[in-house]
Amino acid sequence: MQEALPYKTWLPMPRKESLLSLSIGKATSNGNSASSFHYLKSSKAELKDTIKENAVIVFGKRGCCMSHVVKRLLQGLGVNPPVYEVDDEDENEVIKELERINGGGGDDKDRGRVQFPAVFIGGQLFGGLDRIMATHITGELTPILKKAGALWL
Amino acid sequence: MHSTTTQYVASRRMGLYEPMHPIGMWGDFKGNGCPNASASTILQVETNLDNQSEDTSHGTLGTPSKYDQEASKPVDKVLRRLAQNREAARKSRLRKKAYVQQLENSRLRLVQLEQELDRARQQGLYAAGGLDISQLTCSGALNSGSAAFEVEYGRWVEEQNRQVNELRNALHSHMSEEELRLLVDGGINHYFDLFRMKETAAKADVFYLMSGMWKTCVERLFLWIGGFRPSDLLKILSQHIQPLSDEQVLNVYHLTHACQQAEDALSQGMDKLHQFLAESVCRAQLREVNYPQMEAAIENLEALERFVKQADHLRQATLQQMSGILTIRQSARGLLAMGEYFERLRTLSSLWTKRNSEPA
């Protein structure tokens, strides 16, 4: 499995076989415990499962500060979402897969199309940073998170 | 002094060349036997006195009294006052003429500048070569998109000041709620206009927008991702919207809290961007042809545009949410408070600039 390092260099690195499980714990710099995965080309099924299993999950490109904003905001609310970091080369595949999981982008273009960072709540695509911010300000986000089981208070 | 003139007139007609005491003169008229001369001089005097349109001057024909002397004193004052008034009016008219002339010239110049700007924008000129744009903007806007934004923003500020005055008058005059609602909606939409303008400007040159050079210096002090902090806004508002109902207090508290959280998340995202950027620049090897690390850095810079957009969305959402919580009258007071606050910041900036440019 690839190392889940937060600041991976852009020089191509050989994929390491050993799984550094510690790296999942300290995937982010500030010592918080949000876990971080890397997409494996062969684990499309895993992707679907991951989404279903987690009340909230964030998909973002590696090195993208916007997904950091989403993560921080959710953490501020008391949610600790796992963050799925996607490499550049896998980006299109992941998007296609996510759209497929969500139910295809045929009929409802806007909702079907996935842009990073993408947030899934309760197994459903919720939206991007825009929607998170907007619903947060209006106060709609917290009840939605509670309903999905991401928050207990 | 009029009395003196009359004396002289009288003297000339009588052939005498010595200034005489007016009472004595009258006395002489009465006493001696020069009725014609005296009549004509008296007539002369009378017409002179009549010109003053003073009641005391009428009917003084043949009355050699000391009242004439005293009547002539206020008459003198009045004459002098009228003369000064005429003079002041004349000067005022001249000043007004000069001012209007100046205005006309400025208007012509403005039209010229706008035409130049349009031309330059169409040709897609950059100010590095084009003197027109650099004359237009004193703050280093480096492309025509930013220059256009600066001009638009100048107009926006003028309109803003006008709306603030309108709001102030409306609140003092106890306008009806429907009319006030129009003003409030207009005010809020005006801010939304600004956010739209900023989105266009960010596409043209995000660094210009984020530098805040389009704002005055004191406003720049409070700059946060290309604009004001939404939490600052709420602080200003909260002082001017009392009294609030219990439900409103709760909603405002929630909004303030949510706003602060969103602000913090964005700030931390910006810190992360700094970090990533610094790292990719550190790692970049300029000798390589493709600059892949520089590409990474450029991607980070492109993220800036999204940050500004998110920050503006946050400002807009906060305003919108607040206007939903408040009554029309409270919203009006809030908008007025905001407008006055920013106006004061701008005034402070110009005071400071003047102070600094004065010789020691």
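Only this structure's heavy atoms are used, side chains among them; waters, hydrogens and symmetry mates stay out. Note on naming: letters A, B, ... go to the chains in the order of the sequence lines (proteins, then strands), and numbering restarts at 1 for each one.
The line from CD1 of Ile137(A) to CE of Met322(B) is 11.5 Å long, rounded to the nearest 0.5 Å. Atom CE of residue Met133(A) and atom NZ of residue Lys309(B) lie 12.0 Å apart, to the nearest 0.5 angstrom. Interatomic distance, His68(A) NE2 to Asp271(B) CG, rounded to the nearest 0.5 Å: 8.0 Å. For the atom pair NZ (Lys71(A)) and NZ (Lys272(B)), the distance works out to 6.5 Å, reported to the nearest 0.5 Å.
Within 6.0 Å of atom CZ in Phe192(B), more than 12 heavy atoms from other residues, nucleotides or ligands are found, so the atom counts as buried in its surroundings. In the displayed structure, Asn189(B) atom CG is contacted under 6.0 Å by more than 12 heavy atoms of other residues, nucleotides or ligands. Other residues, nucleotides and ligands contribute more than 12 heavy atoms inside 6.0 Å of the CZ atom of Arg346(B). Atom CD of Gln242(B) is surrounded by more than 12 heavy atoms from other residues, nucleotides or ligands within 6.0 Å.
Contact of the Met270(B) side chain with the Val69(A) side chain is not registered, since no non-hydrogen atoms from C-beta on lie closer than 4.5 Å.
Scanning both residues, Gln261(B) and Gly76(A), for their nearest heavy atoms gives NE2-O, 3.2 Å. Scanning both residues, Ala258(B) and His136(A), for their nearest heavy atoms gives O-NE2, 3.0 Å. Taking both residues in full, the closest heavy atoms of Gly269(B) and Cys65(A) are given as O-CB, 3.6 Å, listed atom of the first, atom of the second, then distance. Heavy-atom minimum distance, Met66(A) versus Ala303(B): CE-O, 4.0 Å.
There is no contact between His254(B) and chain A, counting heavy-atom distances below 4.5 Å. With a threshold of 4.5 angstrom between heavy atoms, Asn251(B) does not approach chain A through any atom at all.
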Applying side-chain contact (heavy atoms from CB on, under 4.5 Å), run through Arg72(A) and Leu266(B) and close with a yes or a no.
CA-CA 8 Å; Arg72(A) 277 288 188 233; Leu266(B) 280 173; over 6 Å; no

